[in-house]
2 protein chains.
Amino acid sequence: MSESSKLMQKPTHHNCDTCDVRHKAMCAAVDAEHTDQLRAIVSHRDYAPGQVIFEEGDPADYAFNISAGEVRLCKLLPDGRRQVTGFLTPGDFLGLIADSAYAYGAEAIGQVELCCIQLSNLERLLSDIPPVREKLLSMSRDELAAAQEQMLLLGRKTAREKIVSFLLYRHKHLGRTEGDASIDLPMSRVDIADYLGLTIETVSRTFTALREEGLIELPHPHHVIFPNLDAVRDAAEAG
Amino acid sequence: MSESSKLMQKPTHHNCDTCDVRHKAMCAAVDAEHTDQLRAIVSHRDYAPGQVIFEEGDPADYAFNISAGEVRLCKLLPDGRRQVTGFLTPGDFLGLIADSAYAYGAEAIGQVELCCIQLSNLERLLSDIPPVREKLLSMSRDELAAAQEQMLLLGRKTAREKIVSFLLYRHKHLGRTEGDASIDLPMSRVDIADYLGLTIETVSRTFTALREEGLIELPHPHHVIFPNLDAVRDAAEAG
DNA sequence: AGCCTCGATTGAGCCACGTCAATAATTTCC
DNA sequence: GGAAATTATTGACGTGGCTCAATCGAGGCT
């Protein structure tokens with residue numbers, strides 16, 4: 001919505017050699033021999049907070065890797081109801097297509113840097129470098145498993161369980177350092193609500209309830225501290 | 001639960017040459033030249049209604065193609081709550097793994113015939129025959145798109161919209177013949193409820209409401225007729 | 001046919017979460 | 001730093017779908 005076109009910071013990931021998600025991303029499967037081929041076909045783009053990367057149904061020409069920042073994937077109903085189907089973080093692959101159109105919309109949450117590759121070039125890369133297609137297949141397997149897990153959450157968990165599962169997932173997969181029992185939540189309450197199939201009010205109330213029970217601390221709406229991680233884990237799947 | 005080990009009908013799909021889902025399944029991408037290789041590594045199994053094919057977390061050694069019948073995929077919470085993450089029909093691929101274990105459980109709904117292939121053999125097939133891996137990649141893309149659509153349904157649709165969307169999906173993808181405005185629902189109300197994130201009572205009440213409005217006819221709990229398909233489509237995404 | 005079992009339907013009441021509305025906190029922008 | 005805009009929290013109340021419980025109906029078995 002708000003264009004917020006402030007001066008962008010100097011991008012630091014616009015080079016395969018210095019890219020610090022290289023080990024996580026699809027590119028990890030590109031061996032030294034093919035690095036030049038990769039460098040030749042990727043380009044880079046920056047996105048401001050809230051900016052639309054592509055919309056559901058747009059003709060798909062590019063696929064992306066997240067270099068920096070976080071992206072939300074959205075699906076909409078005609079009347080405006082929204083489901084956030086995932087949050088992507090650096091190293092994640094972006095660009096699922098169905099019938100040569102994007103199957104969901106994608107929007108930058110904060111500042112985002114993407115590594116872009118034309119689909120025709122990606123296909124060539126896939127046939128040229130077997131490890132790359134293996135990596136991509138394994139990534140889409142993981143994505144599918146995560147989607148199934150999210151269906152379980154959406155269909156069968158209570159609001160409290162949804163929030164706790166979400167927080168634990170973030171901690172497990174995005175925890176900054178080992179032993180740091182805290183996480184950042186760069187997305188808004190609306191995003192969290194639309195991801196968990198709740199309203200912002202229920203999200204907010206649940207955060208407050210967890211804080212009052214001592215399960216979490218909320219020094220800031222976008223930062224959560226776990227004083228006792230095991231207690232949180234117990235709350236995840238038990239009434 | 002009930003073993004129902006009655007005499008099985010003579011299987012009719014235990015042969016690649018006479019297999020009538022050949023054109024839909026992964027095998028469609030196997031050219032004439034490799035058909036012998038395929039035949040050599042597939043085996044077949046029959047399952048009785050309700051029989052477990054594998055459970056979530058089982059060590060994964062085989063992948064499957066559905067030759068006949070319908071399969072439900074299930075995920076469970078520790079306290080028994082269940083989410084059905086999908087219904088698979090003839091031609092569908094079965095055997096998503098995460099960390100060499102099945103990511104969900106699979107159970108036969110009615111009589112089911114599966115075409116089985118060891119994962120090690122499947123991998124060889126994938127590297128030997130490029131069209132097969134392409135087909136598999138495109139199938140998992142479709143599966144992922146369907147999962148996203150299901151998240152939208154689970155997170156944001158009303159009970160009524162869920163049922164109508166479900167019925168229309170079945171009609172679109174499994175309609176028997178062109179112009180036949182009716183569908184079969186081989187699964188129980190419990191399965192439907194666990195698929196849509198509802199209870200059996202709500203499923204039943206919603207069917208009754210749709211019948212009373214004239215949107216559907218229910219000559220039998222497992223058969224639905226649409227007197228006016230367009231009216232049903234209107235109901236899918238509008239209050 | 002008659003009994004039994006299991007699945008589906010229907011009813012009555014309740015509650016978790018949604019809605020609507022006001023306030024508080026945080027960020028943005030000058 | 002301060003005003004305005006945006007986002008988050010809190011409160012009061014309503015409701016869609018869940019729970020608990022009874023009834024109905026379709027097969028299967030003898």
Side-chain angles (χ1 to χ4, degrees), chain A residues 1-7 48-50 72 79-83 109-111 153-164 184-212 216-224 239, chain B residues 1-7 48-50 72 77 79-83 109-110 153-164 166 185-212 216-224 239:
Chain A
M1 310 289 173
S2 68
E3 281 314 301
S4 173
S5 51
K6 68 189 298 192
L7 189 65
R72 62 172 171 260
D79 65 0
R81 280 174 290 174
R82 187 181 76 150
Q83 180 67 35
I109 290 176
Q111 274 291 322
L153 178 148
L154 288 170
R156 286 298 178 225
K157 291 189 183 178
T158 65
R160 182 192 161 93
E161 291 166 336
K162 285 176 176 181
I163 295 281
V164 171
D184 288 321
L185 301 176
M187 70 291 291
S188 69
R189 293 294 189 261
V190 180
D191 288 342
I192 296 174
D194 285 349
Y195 180 58
L196 300 176
L198 299 170
T199 59
I200 49 172
E201 293 92 335
T202 298
V203 170
S204 191
R205 277 189 258 269
T206 306
F207 272 119
T208 302
L210 293 173
R211 178 168 48 72
E212 285 173 351
I216 62 171
E217 291 167 28
L218 274 173
H220 178 90
H222 294 282
H223 191 72
V224 177
Chain B
M1 309 293 174
S2 68
E3 281 315 300
S4 173
S5 50
K6 69 189 298 190
L7 187 66
R72 62 172 170 261
L77 287 174
D79 65 1
R81 280 175 290 173
R82 186 180 77 150
Q83 180 67 34
I109 290 176
L153 179 148
L154 289 169
R156 287 297 177 227
K157 292 189 183 178
T158 65
R160 183 191 160 92
E161 290 166 337
K162 285 176 176 181
I163 296 281
V164 171
F166 171 63
L185 301 176
M187 71 292 291
S188 69
R189 294 292 190 259
V190 180
D191 288 342
I192 297 174
D194 285 349
Y195 180 59
L196 300 176
L198 299 170
T199 59
I200 49 171
E201 292 93 334
T202 298
V203 170
S204 190
R205 275 188 258 268
T206 306
F207 271 119
T208 303
L210 293 173
R211 178 170 47 73
E212 285 173 350
I216 61 171
E217 290 167 29
L218 275 173
H220 179 88
H222 294 282
H223 191 72
V224 177

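Residue numbers start from 1 in every chain, and the chains themselves are labelled A, B, ... in the order their sequence lines are given, proteins ahead of strands.
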Please give, in whole Å, the distance from [N] [atom2] to [X] [atom1]?
{"X": "Ile200(B)", "N": "dA21(D)", "atom1": "CD1", "atom2": "C1'", "value": "12 Å"}
{"X": "Leu196(A)", "N": "dA16(C)", "atom1": "CG", "atom2": "P", "value": "19 Å"}
{"X": "Arg156(A)", "N": "dC18(D)", "atom1": "CZ", "atom2": "C1'", "value": "10 Å"}
{"X": "Leu210(B)", "N": "dT9(C)", "atom1": "CG", "atom2": "C1'", "value": "15 Å"}
{"X": "Asp191(B)", "N": "dC6(C)", "atom1": "CG", "atom2": "C1'", "value": "14 Å"}
{"X": "Lys157(A)", "N": "dC18(D)", "atom1": "NZ", "atom2": "P", "value": "18 Å"}
{"X": "Leu218(A)", "N": "dT9(D)", "atom1": "CG", "atom2": "C1'", "value": "11 Å"}
{"X": "Leu154(B)", "N": "dC17(C)", "atom1": "CG", "atom2": "P", "value": "15 Å"}

Closest non-hydrogen atom pair between Thr199(B) and Ala193(B), with its separation: C-CB, 3.5 Å

Minimal non-hydrogen separation, Leu77(B) against Arg156(A), with atom names: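 Taking Leu77(B) first and Arg156(A) second, the nearest heavy atoms are CD1-O, 4.2 Å.
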
Sugar-phosphate only, base, or nothing, as touched by Ser188(A) at under 4.0 Å among non-hydrogen atoms: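 Touches sugar-phosphate only.
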
If you compare every side-chain N and O of [X] against the phosphate oxygens of [N] (OP1, OP2), does one of them come in below 4.0 Å?
{"X": "Thr202(A)", "N": "dG18(C)", "answer": "yes"}
{"X": "Thr158(B)", "N": "dG16(D)", "answer": "no"}
{"X": "Arg205(B)", "N": "dA12(C)", "answer": "no"}
{"X": "His220(A)", "N": "dT27(C)", "answer": "yes"}
{"X": "His222(A)", "N": "dT7(D)", "answer": "no"}
{"X": "Ser204(B)", "N": "dT10(C)", "answer": "no"}

Close side-chain approach of Leu154(A) to Gln83(A), heavy-atom, < 4.5 Å: yes

Distance (rounded to the nearest 0.5 Å) between Ser204(A) OG and Leu198(A) CG: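 Answer for the OG-CG pair, Ser204(A) versus Leu198(A), is 12.0 Å.
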
Atom pair CZ (Arg72(B)) and CG (Asp191(B)), whose distance is rounded to the nearest 0.5 Å: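 Nearest 0.5 Å value for the CZ-CG distance: 4.0 Å.
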
Nucleotide of dG17(D), dT10(D), dT19(D) approaching Arg211(A) most closely (side-chain heavy atoms):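 The answer is dT10(D), which lies nearest to the side chain.
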
Selected nucleotide, minimal atom distance to Glu201(B) side chain, candidates dA8(D), dT19(D), dT9(C):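 Taking heavy atoms from C-beta onward, the closest nucleotide is dT19(D).
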
Donor/acceptor link under 3.5 angstrom from Arg189(B) side chain onto base of dT10(C):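 Not at all, since no donor on one side and acceptor on the other fall under 3.5 Å apart.
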
